[in-house]
Chemist: 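Structure provided below as structure tokens; questions to follow.
For ligands, and for the atoms within them, numbers begin at 1 and follow the listed sequence. Each residue takes its place number in the sequence, starting with 1. Because only heavy atoms are used, hydrogens play no part in the values below, and waters and symmetry mates are left out as well, while side chains stay in.
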Amino acid sequence: MLILCNWKLNGKKNILKKFFVELNNLCIKFKIKSNISISPPIIYLSKLYEILKDIKSKIILTSQNVDVHIQGAFTGETSVYMLKEFNVKYVIVGHSERRIHHFESDEIVSSKFDIVKKNGLIPILCIGEHFQESFDKSKIFIKNQIDSIFIKIGKKAFRNSIIAYEPVWAIGSGISADPNYVNDIHFLIKSYICKKDNFFKNNNIVVQYGGSISKNNVYNFISKKYIDGILIGGASLEIKTLFPIIKIIEKFSK
Ligand code: 13P
């Protein structure tokens with residue numbers, strides 16, 4: 001199972017080595033087989049690349065963002081080429097925090113998704129509604145977010161990509177979504193994409209859940225048929241909150 005950790009705008013240069021060495025040692029000690037990926041602020045990727053190389057760790061690096069351009073006069077941005085130099089495997093695109101605070105439209109998100117794929121990295125497309133009212137309303141909202149990717153890239157868009165379903169109201173609120181509801185939404189996402197692209201057999205596109213995951217609720221999610229893995233925010237910032245989650249996932253992995 002894939003365990004994605006999004007540090008958002010958190011972390012400090014002088015905690016990186018201790019955190020990664022400790023996490024790596026625990027993974028070895030407990031023979032963890034799940035794939036663990038950490039997404040630190042971009043400025044820390046180069047240091048983490050060196051640390052992971054030194055300790056020969058299997059922990060994977062994810063980027064929280066990427067620019068829609070490869071290079072040029074785009075002050076403050078990071079190119080997918082640069083991410084590749086530091087062995088980054090996944091790139092988060094369309095996180096609700098970027099859609100809300102940085103005004104990223106579906107058009108920008110699909111351009112980022114496209115550039116990540118074209119350059120051989122794996123996009124993690126975050127989707128999710130910001131209201132809590134109804135399944136039917138959410139269904140339309142989510143299908144529209146998926147359609148914007150299909151419109152830009154075509155029907156093969158989701159091959160070699162990951163989707164993270166994160167209902168916006170569940171992010172950082174301490175109130176996770178109902179696992180049965182999430183399972184139904186994941187089924188909807190999978191069947192919608194499979195219907196458009198028959199490359200996917202048996203709904204085998206990876207869909208992760210994110211939103212207030214903790215050691216107390218993670219089993220309720222990963223035990224569901226259509227929830228393939230998780231995307232952890234706040235609880236991934238400290239080993240003492242992250243590693244218990246990893247252990248639960250490891251014990252009950254499908
Ligand atoms: P929290 O786990 O803090 O709710 O964050 C989820 C998230 O947004 C991960 O991308």
Side-chain angles (χ1 to χ4, degrees), residues 1-11 19 23 34-42 44-45 48 59-66 78 83 88-104 108-109 112-113 116 121-132 138 141-142 145-146 161-179 181-183 185-186 189 206-222 224 227-249:
M1 190 172 276
L2 177 60
I3 303 171
L4 297 167
C5 303
N6 180 7
W7 279 11
K8 309 186 180 183
L9 189 53
N10 295 290
F19 185 100
L23 180 59
S34 298
N35 294 311
I36 300 169
S37 183
I38 308 257
S39 177
I42 287 180
Y44 297 142
L45 284 171
L48 288 175
I59 297 169
I60 303 160
L61 292 177
T62 293
S63 175
Q64 292 181 20
N65 191 23
V66 70
T78 307
L83 300 178
V88 166
K89 180 171 180 184
Y90 303 110
V91 183
I92 297 174
V93 296
H95 193 284
S96 59
E97 286 151 14
R98 292 210 59 85
R99 294 183 193 254
I100 296 166
H101 304 300
H102 300 273
F103 314 107
E104 286 192 5
I108 291 175
V109 171
K112 290 187 173 188
F113 188 99
V116 170
L121 300 190
I122 300 174
I124 300 167
L125 175 72
C126 293
I127 55 175
E129 74 282 15
H130 41 79
F131 45 83
Q132 232 172 318
S138 304
F141 188 89
I142 285 161
Q145 285 184 323
I146 294 173
S161 67
I162 292 172
I163 293 188
Y165 170 58
E166 299 200 300
V168 179
W169 50 268
I171 294 176
S173 64
I175 304 163
S176 54
D178 174 352
Y181 170 84
V182 174
N183 197 45
I185 295 278
H186 281 214
I189 295 168
V206 176
V207 186
Q208 312 271 122
Y209 166 75
S212 295
I213 283 285
S214 72
K215 72 174 186 338
N216 300 325
N217 61 24
V218 65
Y219 174 73
N220 303 335
F221 290 98
I222 54 142
K224 296 288 174 213
I227 302 179
D228 301 312
I230 49 161
L231 175 50
I232 316 168
S236 69
L237 294 174
E238 290 188 57
I239 302 278
K240 69 171 191 281
T241 46
L242 173 59
F243 203 68
I245 298 177
I246 296 175
K247 270 169 62 185
I248 292 167
I249 292 176

Chemist: Do any N/O atoms on Ala235 end up under 3.5 angstrom from N/O atoms on ligand 1?
Modeler: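 There is no such contact.
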Chemist: Who are the side-chain contact (heavy atoms from CB on, under 4.5 Å) partners of Thr241, not counting sequence neighbours?
Modeler: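 Checked Thr241 against side-chain contact (heavy atoms from CB on, under 4.5 Å); matches are Ala235, Glu238.
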Chemist: Mind checking whether Tyr181 and Tyr165 have parallel, tilted or perpendicular rings, split at 30° and 60°?
Modeler: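 Taking Tyr165 first and then Tyr181, their aromatic rings sit tilted (interplane angle of 30° to 60°).
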Chemist: Report the residues that fulfil side-chain contact (heavy atoms from CB on, under 4.5 Å) with Ser37, sequence neighbours left out, ordered by chain and then residue number.
Modeler: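 Here the qualifying residues are Leu4, Ile60, Thr62, Tyr90.
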Chemist: For Glu166, counting its heavy atoms only, list the atoms of ligand 1 lying under 4.0 Å from any of them.
Modeler: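 Those qualifying, in numeric order: 6 (C), 7 (C), 8 (O), 9 (C), 10 (O).
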Chemist: Do any N or O atoms from the side chain of Gln208 and from the backbone of Leu2 form a donor-acceptor pair under 3.5 angstrom?
Modeler: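 Judged by distance alone, yes, a pair lies under 3.5 Å.
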Chemist: Got Ser212 and Ile175 here, is their nearest side-chain heavy-atom distance under 4.5 Å?
Modeler: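 SC-SC contact between Ser212 and Ile175 ruled out.
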Chemist: Is the contact between Ile171 and ligand 1 made by the side chain, the backbone, both, or neither, using heavy atoms and a 4.0 Å cut-off?
Modeler: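 Looking at Ile171 and ligand 1, atoms from backbone and side chain both fall under 4.0 Å.
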Chemist: Number the atoms of ligand 1 from 1 as they appear, then name those within less than 4.0 Å of a heavy atom of His95, with their elements.
Modeler: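 Close to His95: 7 (C), 8 (O), 9 (C), 10 (O).
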Chemist: Ser161 side chain to Pro123 main-chain N or O, any donor-acceptor pair under 3.5 Å?
Modeler: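 Side chain of Ser161 to backbone of Pro123: no pair is present.
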Chemist: Do any nitrogen or oxygen atoms of Lys8 lie less than 3.5 angstrom from nitrogen or oxygen atoms of ligand 1?
Modeler: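 Between Lys8 and ligand 1, an N or O pair is found under 3.5 Å apart.
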Chemist: Please list the nearest protein heavy atom to atom 2 (O) of ligand 1 with its residue and the distance rounded to 0.1 Å.
Modeler: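 Ranking protein heavy atoms by distance from atom 2 (O) of ligand 1, first comes Gly233 N, 2.9 Å.
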Chemist: Enumerate the atoms of ligand 1 whose separation from the nearest heavy atom of Gly172 is less than 4.0 angstrom.
Modeler: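 Near Gly172, meaning under 4.0 Å from one of its heavy atoms, ligand 1 has 1 (P), 3 (O), 4 (O).
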Chemist: Identify which of Gly234, Ser176, Ser39, Ser212 has a heavy atom lying nearest to atom 3 (O) of ligand 1.
Modeler: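 Nearest option to atom 3 (O) of ligand 1, by heavy atoms: Gly234.
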